[in-house]
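Protein chains get the first letters and strands the later ones, always in sequence-line order, with residue 1 at the start of each.
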Amino acid sequence: MSKRYFALVDCNSFFVSCERVFQPKLQGKPVVVLSNNDGCVIARSKEAKRLGIPMGAPYFKWEAFMKAEGVSVCSSNYRLYGEMSARVMEVLRGFSPRMEIYSIDEAFLDFDGIAEEQLETLAVRLRETVFKNTGIPVSVGIGVTKTLAKVANYQAKKLDTGNGVLVIPAGNRAMLEGVGVDEVWGVGRQLTPRLNRIGIKTALDLAMADPEMIKKKFTITGLMMWQELNGVVAYGIEQFPASPKSLVCSRSFRKAVVSLPELSAAMSSFIEKGMERLRKKGMAARYLTVFIATNRFDKGKFISRNIVVKLPIESSDTLKFVNIGISALEEIFEEGCVYKRAGVMFTGLVPMNEVVPDLFAKQDSEERLRLMQVIDSLNANRTVLYLAQSGKPEVAGSDREFTSPNYLTKWDEIPVVN
DNA sequence: TCTGGGGTCCTAGGACCC
DNA sequence: TCTGGGGTCCTAGGACCC
């Protein structure tokens with residue numbers, strides 16, 4: 001019986017690659033993509049990484065440097081990235097009947113039944129197909145567990161294998177040697193120093209450690225990482241996405257907010273946006289959390305408040321949530337604070353059609369749900385209809401200087417070929 | 001002036017029950 | 001003076017992921 005392999009396909013500098021598909025002049029040049037409000041760097045091209053621009057670099061601190069080095073700057077355009085992601089995933093689906101979309105730019109593929117010596121050829125073909133059909137370059141890592149596939153992917157990029165593909169054969173430990181333990185899937189900022197202190201510096205060190213000790217010190221999650229590095233599957237492919245448990249809509253304000261009316265408008269718009277996403281997933285929520293916070297980077301006291309409201313029955317009605325959300329906000333709002341961030345979280349989620357009727361609680365009415373449907377369809381590609389209470393969309397704090405057009409989702413922004 | 005946004009899982013400890 | 005033991009559920013906080 002041949003070993004079962006998993007592949008991790010990861011889009012290279014995904015957001016940057018998306019921008020490059022539509023702006024070929026950005027090829028081969030240093031490029032970064034900025035977060036909301038053009039706050040900080042969330043994607044970097046290889047060339048930008050080489051210039052030493054770190055992930056999360058605040059734009060205002062790096063602006064001068066980037067100008068001097070000729071770095072191209074893009075504001076983030078999530079609609080575009082979401083659409084490009086869907087296209088990439090569609091191509092990947094053709095390469096394995098079992099696949100897990102892990103994030104906007106990553107997917108695990110089950111390569112069960114593929115002989116070891118054919119893996120690389122298959123991966124190279126996959127890579128070429130994705131590039132041909134979408135213009136997005138990807139790297140492919142292959143191993144007998146997801147964690148090893150992740151390591152392989154990391155090495156494919158780091159070692160610059162030439163074809164963007166790296167296979168870690170079953171039982172091979174050599175590939176773990178040059179990998180810092182902090183690169184292992186599940187080892188983050190806190191675990192790294194703790195592991196280092198007991199002499200575990202590389203992925204190989206972790207793989208060779210005593211599993212009893214690992215379990216004792218790093219609990220079950222630590223043990224699972226150990227197993228996966230040793231080729232024992234602890235995480236399977238999740239083909240069908242589990243239904244979400246929570247949904248957040250939040251923003252930092254470019255200009256801090258002081259007044260209750262302004263904050264209410266922002267909150268109302270968060271609830272609108274969040275509800276729209278929730279309905280798109282066909283879900284309703286039982287709990288609403290409203291939160292507000294001051295600037296965590298400011299000297300002085302950092303204030304963060306939240307309040308949870310429970311509805312008598314699950315709902316997906318924007319208006320109902322806006323009303324209770326605004327009242328909730330009034331309870332936690334404190335005069336004199338300078339708010340920098342706010343948002344809402346929906347929890348207690350259930351599919352809309354599984355809401356259990358209650359004798360004493362009124363369910364969303366048919367008419368109201370139809371109204372929501374109409375609003376959603378009107379807003380499908382661009383927000384055209386919103387509550388007066390929410391104010392103009394930009395109140396919610398979106399300020400983007402370098403946004404690329406919505407090439408794929410807006411008719412009037414489709415690129416023209418002359 | 002200016003520092004993202006959206007998720008999941010695990011554990012410890014408290015409340016509560018019998 | 002002495003003051004069980006076990007189970008479940010919930011929450012807050014920590015840690016991780018992209």
Side-chain angles (χ1 to χ4, degrees), chain A residues 8-15 32-44 53-64 66 73-78 81-82 85 100-108 146-147 150 153-154 181-195 215-225 234-235 238 241-256 270 273-274 277-278 281 287 289 291 293-299 302 304 306 308 310 338 340-349 396-401:
Chain A
L8 173 67
V9 182
D10 176 302
C11 301
N12 300 344
S13 312
F14 183 54
F15 297 169
V32 298
V33 174
L34 302 179
S35 67
N36 253 308
N37 293 333
D38 294 338
C40 61
V41 172
I42 54 171
R44 306 158 294 158
I53 301 168
M55 190 68 166
Y59 180 54
F60 74 93
K61 283 190 184 168
W62 285 80
E63 190 177 356
M66 290 194 218
V73 176
C74 305
S75 299
S76 46
N77 183 344
Y78 283 97
Y81 309 151
S85 172
E100 173 185 342
I101 297 176
Y102 179 66
S103 74
I104 193 164
D105 71 334
E106 280 176 61
F108 288 103
K146 285 168 136 184
T147 303
K150 276 262 191 191
N153 192 291
Y154 170 79
V181 75
D182 55 314
E183 299 295 342
V184 174
W185 197 29
V187 177
R189 256 203 324 277
Q190 307 298 317
L191 255 42
T192 303
R194 286 181 55 205
L195 285 160
K215 185 177 179 191
K216 216 164 141 189
K217 286 202 158 88
F218 302 94
T219 74
I220 189 73
T221 37
L223 181 64
M224 285 162 95
M225 291 190 297
Y235 304 107
E238 307 288 340
S243 67
K245 300 191 162 82
S246 66
L247 188 148
V248 172
C249 185
S250 71
R251 289 287 178 282
S252 295
F253 303 117
R254 189 180 185 93
K255 243 183 75 185
F270 297 146
K273 298 259 165 56
R277 280 165 47 209
L278 198 64
K281 295 171 191 285
Y287 298 88
T289 304
F291 57 90
T294 57
N295 194 337
R296 67 183 199 280
F297 295 102
D298 276 355
K299 295 184 204 86
F302 170 62
S304 167
N306 71 81
V308 185
K310 181 180 183 180
V338 179
K340 182 64 183 167
R341 203 177 119 78
V344 295
M345 175 158 70
F346 299 97
T347 48
L349 309 184
S398 211
D399 191 346
R400 297 146 166 205
E401 203 180 332

* Using a heavy-atom cut-off of under 4.0 Å over every strand shown, decide if A/Tyr59 touches base, sugar-phosphate, or nothing. => nothing
* May I ask you to say what A/Glu106 touches in the nucleic acid, namely base, sugar-phosphate or nothing, with a heavy-atom cut-off under 4.0 Å? => sugar-phosphate
* Structure fact -> For A/Asn12, the side chain to side chain donor-acceptor pair (under 3.5 Å) test, sequence neighbours excluded, returns A/Ser139
* Structure fact -> 5'-most to 3'-most nt of DNA chain C touching chain A (<4.0 Å, heavy-atom partner on protein side) reads C/dA15 to C/dC18
* Quick one: label A/Lys245 by what it contacts on the DNA or RNA (base, sugar-phosphate, nothing), any heavy atom closer than 4.0 Å. => sugar-phosphate
* Structure fact -> With sequence neighbours left out, the residues meeting salt bridge (Lys or Arg N to Asp or Glu O under 4.0 Å) with A/Glu63 are A/Lys67
* **5′-ward residue of the pair A/Ser246/A/Thr219 relative to DNA chain B** => A/Ser246
* Taking the side chain as C-beta and beyond, is there a heavy-atom pair between A/Ile104 and A/Phe15 under 4.5 Å? -> yes
* Asked: So what does A/Ile104 touch, heavy atoms closer than 4.0 Å: a base, only the sugar-phosphate, or nothing?
  -> nothing
* Asked: Under 4.0 angstrom, heavy atoms only, what part of the nucleic acid is A/Val184 near: base, sugar-phosphate, or nothing?
  -> sugar-phosphate
* **side chain to side chain donor-acceptor pair (under 3.5 Å) involving A/Trp62 - partner list, sequence neighbours excluded** => none
* To do: Can you tell me, in whole Å, how much space there is between the C1' of B/dC16 and that of C/dG4?
  => 16 Å
* To do: With DNA chain B as reference, determine whether A/Ala242 or A/Asn295 sits nearer its 5' end, using the nearest nucleotide of each.
  => A/Asn295
* To do: Check whether any side-chain heavy atom of A/Phe291 sits under 4.5 Å from a side-chain heavy atom of A/Arg341, and report yes or no.
  => yes
* Kindly indicate whether the side chain of A/Phe108, heavy atoms from C-beta on, has any atom under 4.5 Å from the side chain of A/Lys150. => yes
* Using side chain to side chain donor-acceptor pair (under 3.5 Å) as the criterion, list what pairs up with A/Tyr81, not counting sequence neighbours. => A/Glu19
* **Sugar-phosphate, base or nothing in reach of A/Arg194, heavy atoms under 4.0 Å** => nothing
* Asked: Do the side chain of A/Asp10 and the main chain of A/Asn153 share a donor and acceptor less than 3.5 angstrom apart?
  -> no
* Asked: Taking the same atom, P, in B/dT3 and in C/dC17, what whole-Å distance lies between them?
  -> 25 Å
* Asked: Do A/Leu278 and A/Leu349 touch side chain to side chain, with heavy atoms closer than 4.5 Å?
  -> yes
* Structure fact -> Writing each nucleotide of DNA chain B 5' to 3' as (, ), [, ], | or . by Watson-Crick or G-U pairing under 3.5 Å yields ....||||||||||||||
* To do: Using a 4.0 Å heavy-atom cut-off across all strands, classify A/Leu247 as base, sugar-phosphate, or nothing.
  => sugar-phosphate
